[in-house]
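Worksheet: one structure, shown below.
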Amino acid sequence: MTETEATGYDCLSSRAVSGSELRAFLLDCFGTAEQRLFVGHEDRVADELRDSPQDMAFSVFCTYRQASGHFAMGLDAGIEGRLADRVGRREFAERFAARFDAYVLYGDTEPPGLWALILADGQRLRVAMDEEDDRYVLHAATAPVPGLPDLRVDEGLWQLR
């Protein structure tokens with residue numbers, strides 16, 4: 001039997017959530033033990049790990065940061081393979097969007113330059129985006145995005161391979 005390798009879930013959220021809210025979500029989402037979960041701001045990881053044993057293996061290791069543009073925060077989560085089997089990237093984004101009433105951008109199998117966007121109601125769109133540093137601005141989507149009335153709708157993004 002082949003074991004799934006650990007993977008990373010990187011996404012952007014239209015809503016910023018606190019570290020404690022993110023911790024509660026990840027515990028609920030993956031069902032991992034509290035001591036096997038790390039959640040910290042990307043600028044303070046070393047400080048937050050200072051009291052942890054050096055050989056500590058986390059099943060979920062998540063850092064977050066502030067973003068700007070159409071997104072308020074970014075998060076990067078390293079996920080142990082057995083947990084990634086339980087909750088895939090898309091389901092992770094769907095759960096996050098629903099829990100925090102946000103839209104969530106992530107990448108999986110989209111063509112280069114395009115991304116998946118999950119709305120709070122679970123609808124999945126394809127979007128095009130410009131990014132510079134930690135500023136992310138959507139410039140087209142396959143359907144309207146709540147709160148972004150000026151965003152160009154282009155159903156042709158589904159046809160791009």
Side-chain angles (χ1 to χ4, degrees), residues 2-17 19 21-23 25-26 28-30 32 37-46 58-161:
T2 306
E3 194 171 304
T4 301
E5 291 186 25
T7 190
Y9 292 0
D10 305 327
C11 56
L12 297 169
S13 169
S14 63
R15 180 170 174 256
V17 299
E21 288 175 302
L22 186 55
R23 171 177 288 285
F25 167 75
L26 292 167
D28 183 51
C29 185
F30 291 107
T32 191
L37 170 67
F38 175 84
V39 176
H41 191 280
E42 71 175 14
D43 291 339
R44 296 186 297 272
V45 171
F58 294 98
S59 53
V60 178
F61 190 95
C62 181
T63 61
Y64 61 92
R65 67 189 179 286
Q66 181 178 349
S68 64
H70 290 140
F71 297 93
M73 77 177 293
L75 64 100
D76 303 314
I79 310 296
E80 195 173 75
R82 65 182 178 82
L83 299 179
D85 284 341
R86 286 189 217 160
V87 181
R89 278 185 182 84
R90 181 175 179 170
E91 184 179 353
F92 178 80
E94 289 169 341
R95 289 183 183 196
F96 192 99
R99 172 99 164 235
F100 297 114
D101 192 28
Y103 51 87
V104 175
L105 180 133
Y106 74 101
D108 197 8
T109 59
E110 297 74 30
L114 298 177
W115 304 90
L117 186 78
I118 302 293
L119 302 181
D121 66 4
Q123 183 180 6
R124 181 177 177 269
L125 311 178
R126 186 173 277 180
V127 298
M129 175 180 69
D130 292 322
E131 58 184 292
E132 187 174 318
D133 297 320
D134 274 330
R135 181 171 173 73
Y136 306 90
V137 178
L138 300 175
H139 59 83
T142 52
V145 175
L148 300 178
D150 296 330
L151 183 62
R152 181 173 58 91
V153 173
D154 180 357
E155 291 182 16
L157 294 176
W158 287 120
Q159 307 309 314
L160 299 176
R161 301 270 175 232

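All values below were derived from every heavy atom in this structure, side-chain atoms included, with hydrogens, water molecules and symmetry-related copies excluded. Just so you know, residue 1 is the first one in the sequence shown, and it goes up from there. Note that the structure is predicted; figures quoted are calculated from it, not measured.
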Fill in: Geometric class of the Phe25/Phe96 ring pair [parallel <30°, tilted 30-60°, perpendicular >60°]
perpendicular

Practice prompt. Before giving the answer on side-chain contact (heavy atoms from CB on, under 4.5 Å), spell out for His70 and Leu105 the whole-Å C-alpha distance, their side-chain angles and the decisive distance to 0.1 Å.
Written response: CA-CA 10 Å; His70 290 140; Leu105 180 133; over 6 Å; no

Practice prompt. Heavy atoms only: give me the nearest Gly19-Val39 pair and the separation to one decimal.
Written response: O-CG1, 3.8 Å

Item to complete: Please determine if Arg135 and Asp133 form a salt bridge, counting it only when a charged side-chain N lies under 4.0 Å from a carboxylate O.
Response: no

Worksheet item: Does Glu155 CD have over 12 foreign heavy atoms under 6.0 Å away?
Response: no

Worksheet item: Which value, rounded to the nearest 0.5 Å, describes the distance between Leu151 atom CG and Leu138 atom CG?
Response: 5.5 Å

Without placing hydrogens or testing angles, list every side-chain donor-acceptor pair under 3.5 Å for residues 8-16, not counting sequence neighbours.
| from | atom 1 | to | atom 2 | distance (Å) |
| --- | --- | --- | --- | --- |
| Tyr9 | OH | Val87 | O | 2.5 |
| Ser13 | OG | Arg15 | N | 3.0 |
| Ser13 | OG | Arg15 | O | 2.7 |
| Ser14 | OG | Tyr103 | N | 2.9 |

Item to complete: Step by step, work out the side-chain contact (heavy atoms from CB on, under 4.5 Å) result for Asp134 and Gln66.
Response: CA-CA 8 Å; Asp134 274 330; Gln66 181 178 349; over 6 Å; no

Throw together a table of side-chain donor-acceptor distances under 3.5 angstrom for residues 107-127, partners on residues two or more places apart or in other chains.
| from | atom 1 | to | atom 2 | distance (Å) |
| --- | --- | --- | --- | --- |
| Glu110 | OE1 | Asp108 | N | 2.7 |
| Glu110 | OE2 | Arg124 | NH2 | 3.0 |
| Asp121 | OD1 | Gln123 | N | 2.9 |
| Arg126 | NH1 | Leu157 | O | 3.0 |
| Arg126 | NH1 | Leu160 | O | 3.1 |

Practice prompt. Can you see which heavy atom on Glu21 is nearest to which on Phe100, and at what distance?
Written response: O-CZ, 3.8 Å

Fill in: Heavy-atom side-chain proximity of Tyr64 to Glu42 below 4.5 angstrom
no

Discussion item. Please report the interatomic distance OG1(Thr63) to CG(Leu75), rounded to the nearest 0.5 Å.
Written reply: 8.0 Å

Worksheet item: Roughly how far, to the nearest 0.5 Å, is CG of Leu22 from NE2 of His41?
Response: 11.5 Å

Discussion item. Between Leu26 and Phe38, is there a side-chain heavy-atom distance shorter than 4.5 Å?
Written reply: no

Worksheet item: Between His139 and Arg152, which heavy-atom pair has the shortest distance, and what is it?
Response: O-CB, 3.6 Å

Worksheet entry | Step-by-step side-chain contact (heavy atoms from CB on, under 4.5 Å) determination, Arg89 to Thr7 | CA-CA 10 Å; Arg89 278 185 182 84; Thr7 190; 2.8 Å; yes

Discussion item. Can a donor-acceptor pair be found, under 3.5 Å and without considering hydrogens, that links the side chain of Arg95 to the backbone of Cys29?
Written reply: yes

Fill in: Over all atoms of both residues, closest heavy-atom pair of Arg65 and Asp76
NH1-OD2, 3.4 Å

